[in-house]
Amino acid sequence: MKQISFLFQWALFVLMAVACKDSGSPSPDGSGPEEGYTTGKITNTDGSPMPGVKVVVDNTMFYASYSIGSSDENGNYKIQLPKVGTFMASAHIVKKYNGKEYELDLHPDVYEEFSINGAVRNFQWKLTGRRPVEAQGYYGVTIEVNKDVMSSIYDSENIEFTLIPVGNLIDGSKGKTLKLKHGKPFTDEYGKLVDIPLGRYTMTAHYNGEAGKMPLKLRKHFSEDAYESEITIDFEPSTMWGNNIAFISYSE
């Protein structure tokens, strides 16, 4: 009985602590949170409303307990909360692009638990930028670049990769030419090129060594294709090595 009483008191303490937290940004109409509800607005990369976006409110105190809602024509949503628990809200979209289907998480303006007192959680679609939890990486896509076994280049920090958009990006916006090198802020701790806006690109590479600037050849890593001076890159939505990623090899 003492153990049950202790667990109950601890749960009550957690609820009270979460209730004291900032419940987030103002709701779309400028008011604060509404008791018993999660409200907010979903916006596109350009700030315009996004209708039909699914929002999930997970009950963090009870396993497999959640509530689901979606945004209306103005991008607004309202989800009633259970009577007991603490909660986290998330939103994601599914987009088809160049014959592939991508699941994309939206960015929350506030990333913290809330109570049955209610909260405002707004979400925006971002093509790039850090996710709320650093270990989760970036909203942009990733290119893993590998050295061919026959290549004599070991100082990969002297390689510059150029990406030129082919058509619009996944959100319909016009992309721009990117020049990326190994090292911060372009690569992660594993040497992968990160946080690239999701699109289709042509890719070239140059090595800037002691002998001067030399063009490199590229190919898709898991293939027997011939190396070429320029290749077209599409990103795979789901692989055993990661999601929204492309794999490239380089050689002289």
For a quick test of your reading: what N or O donor-acceptor pairs under 3.5 Å do the side chains of residues 242-249 make, sequence neighbours left out?
from, atom 1, to, atom 2, distance (Å)
S249, OG, H221, ND1, 2.5

Are [Y] and [X] connected into the same hydrophobic cluster when the rule is that any two of I, L, V, M, F, W, Y join if their side-chain heavy atoms are below 4.5 Å apart?
X    : Y    : value
I233 : V194 : no
I153 : M150 : no
Y37  : Y66  : no
M88  : V110 : no
L218 : F222 : no

Any sub-3.5 Å donor-acceptor pair from [X]'s side-chain atoms to [Y]'s backbone N or O?
X    : Y    : answer
R121 : Y111 : no
T187 : L193 : no
D58  : T60  : no
Q124 : N44  : yes
D195 : G129 : yes
D109 : N122 : yes
Y102 : L198 : no
D72  : N74  : yes

I need the [X] [atom1] to [Y] [atom2] distance, nearest 0.5 Å.
X    : Y    : atom1 : atom2 : answer
I143 : M203 : CD1   : CE    : 4.5 Å
I231 : Y201 : CD1   : OH    : 14.0 Å
W125 : L106 : CH2   : CG    : 8.5 Å
E160 : K179 : CD    : NZ    : 5.0 Å
K176 : L169 : NZ    : CG    : 10.5 Å
K217 : D148 : NZ    : CG    : 11.5 Å

*asked:* Taking the cut-offs as 6.0 angstrom to the six-membered ring centre and 45 degrees off its axis, would you call R130 and Y138 a cation-pi pair?
replied: yes

Below 4.5 Å, heavy atoms only, C-beta onward: do [X] and [Y] meet side chain to side chain?
X    : Y    : result
V84  : F62  : yes
I196 : L180 : yes
F123 : D105 : no
P49  : K41  : yes
D171 : K95  : no

*Inspect the surroundings of CD in E134 and state if more than 12 heavy atoms from other residues, nucleotides or ligands are less than 6.0 Å away.*
no

_Residue pair L127, S173: steps toward the side chain to side chain contact (heavy atoms under 4.5 Å, CB included) verdict_ = CA-CA 10 Å; L127 295 185; S173 65; 4.3 Å; yes

*Stepwise side-chain hydrogen bond (donor to acceptor under 3.5 Å, both in side chains) check, S152 with E252*: CA-CA 8 Å; S152 61; E252 295 91 306; 2.6 Å; yes

_Partner of Y139 under side chain to side chain donor-acceptor pair (under 3.5 Å), chosen from R131, K126, H107_ = H107

*Mind telling me whether F87 and F114 have parallel, tilted or perpendicular rings, with 30° and 60° as the class edges?*
tilted

*asked:* For a side chain to side chain contact (heavy atoms under 4.5 Å, CB included) check, start with the C-alpha distance between V145 and F161, then their side-chain angles and the critical distance, and finish with the verdict.
replied: CA-CA 10 Å; V145 182; F161 301 94; 3.5 Å; yes

What are the two closest heavy atoms between [X] and [Y], and how far apart are they?
X    : Y    : value
P82  : I116 : O-CG2, 3.3 Å
N59  : G85  : OD1-CA, 3.6 Å
I79  : G69  : CD1-N, 3.5 Å
S115 : L81  : O-CD1, 3.7 Å
Y250 : K147 : OH-CB, 3.4 Å
F186 : K181 : CB-O, 3.1 Å

*Before giving the answer on side chain to side chain contact (heavy atoms under 4.5 Å, CB included), spell out for K54 and V94 the whole-Å C-alpha distance, their side-chain angles and the decisive distance to 0.1 Å.*
CA-CA 10 Å; K54 183 171 72 172; V94 177; over 6 Å; no

*Report the residues that fulfil salt bridge (charged side-chain N to carboxylate O under 4.0 Å, His left out) with E144, sequence neighbours left out, ordered by chain and then residue number.*
K192

*Sorted by first residue and then second, give each salt bridge (Lys or Arg N to Asp or Glu O under 4.0 Å) pair with at least one member in residues 234-243; sequence neighbours left out.*
K100-E236, R200-D234

*Judged by modelled atom types alone, do K78 and T39 share a side-chain donor-acceptor pair under 3.5 Å?*
no

_Worked verdict on T142 versus F235 for side chain to side chain contact (heavy atoms under 4.5 Å, CB included)_ = CA-CA 8 Å; T142 301; F235 295 87; over 6 Å; no

